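Data block below; observations after.
Every chain is numbered from 1 and lettered A, B, ... according to where its sequence line falls, protein lines coming before strand lines. Values in this document were obtained by computation on a predicted structure and should not be read as measured data.
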Amino acid sequence: MKIASWNVNSIRARLASLTRWLDAQRPDVLLLQETKVTDDDFPRDDLLRRGYSVVIAGQKSSNGVAILSQHPIRDVTVGFPEDGPGAEKRLIAASIAGLRIMSAYIPNGRDVAHPVFQQKLAWLSRLRGFLLEQRASVRLPIVIGGDFNVAREARDLWAPELFEGQVHFHPEERNRINALLNAGFMDSFRQFCDAPARYSWWDYRGPSVAKNRGLRIDYLFVDDSLAPRCTLAGIDAEPRLWEKPSDHVPVWVELDSA
DNA sequence: ATGGCACCCGGAGGGTGA
């Protein structure tokens, strides 16, 4: 079972790339972030035609998450239980093939001095609590993928000395990610690859792609209990070289059948 | 060096991303 996650930076702008990648890779499940579209305008038909069921949590202009699946989708929840009606659409969870699968788009944080940076930290803390609550209540192994907007380690950034203490590589962000993993999850990519400079995002501007100046900020975290089933994981950097790319690329994990 | 680029909305150019 192949599960992938991709911040597409607008599903409408990325529909050609998305369908090209889906047709080539045929993942069982694809988690999307930054769909940037209302539910009414989500291009469902292009995905249904390819055999994917779709559940979405969208909003106008920004944010927006979705889950695409070739298997039946059940028990969908959007956001955190305590969210008000105006909450940004950054989290969707569903039960698929005996797993609790989630797509998450963690707030960027903008700048460490900006109030939204504290909201990012709070959001990551809430996410940890939500994962524990879901594990207890749904009782299925959890796979959460998404754009976490945090590089975990120095080997996950092109210039750690430049980013240290800044947004995306601040100790408080790393602490929140580590606390989340310590709750019983593993960074699937790092089970199979120790190499530095394997990134999931490159800036649109300047020579970022040519010089491999990127960040690894997109992850698939899987329940520790899934370790024996986890056979391979990777980052597919190729779509970053296609026409009209997202600035993020898909990350993926393969799980053996239970 | 606050630029670079791409997306959004709205119908110009500012807000946001990372």
With heavy atoms under 4.0 Å as the rule, sort A:Arg213 into base, sugar-phosphate or nothing.
nothing

Distance between the P atoms of B:dG13 and B:dA1, in whole angstroms?
29 Å

Grab the two heavy atoms, one from A:Leu47 and one from A:Leu22, that are nearest each other, plus how far apart they are.
CD2-CD1, 3.7 Å

With rounding to the closest Å, how many angstrom separate the P atoms on B:dG14 and B:dG4?
13 Å

If I pick the P atom on B:dA12 and the same atom on B:dT2, what distance separates them, to the nearest angstrom?
29 Å

Taking OP1 and OP2 of B:dA18, is either one under 4.0 Å from a side-chain nitrogen or oxygen of A:Asn108?
yes

Take atom C1' in B:dG10 and the same atom in B:dG15, then report the distance between them in whole Å.
13 Å

Starting at the 5' end of DNA chain B and moving along, which residue's nearest nucleotide shows up first, A:Val167 or A:Tyr204?
A:Tyr204

Quick one: SG on A:Cys230 to CE on A:Met186, what's the gap to the nearest 0.5 Å?
4.5 Å

Using a 4.0 Å heavy-atom cut-off, does A:His248 contact any base of the nucleic acid, only the sugar-phosphate backbone, or nothing at all?
sugar-phosphate

Nearest-Å distance for atom pair CG/C1', residues A:Asn63 and B:dC7:
13 Å

Residue whose closest nucleotide on DNA chain B lies nearer the 5' end, A:Ser10 versus A:Val116:
A:Ser10

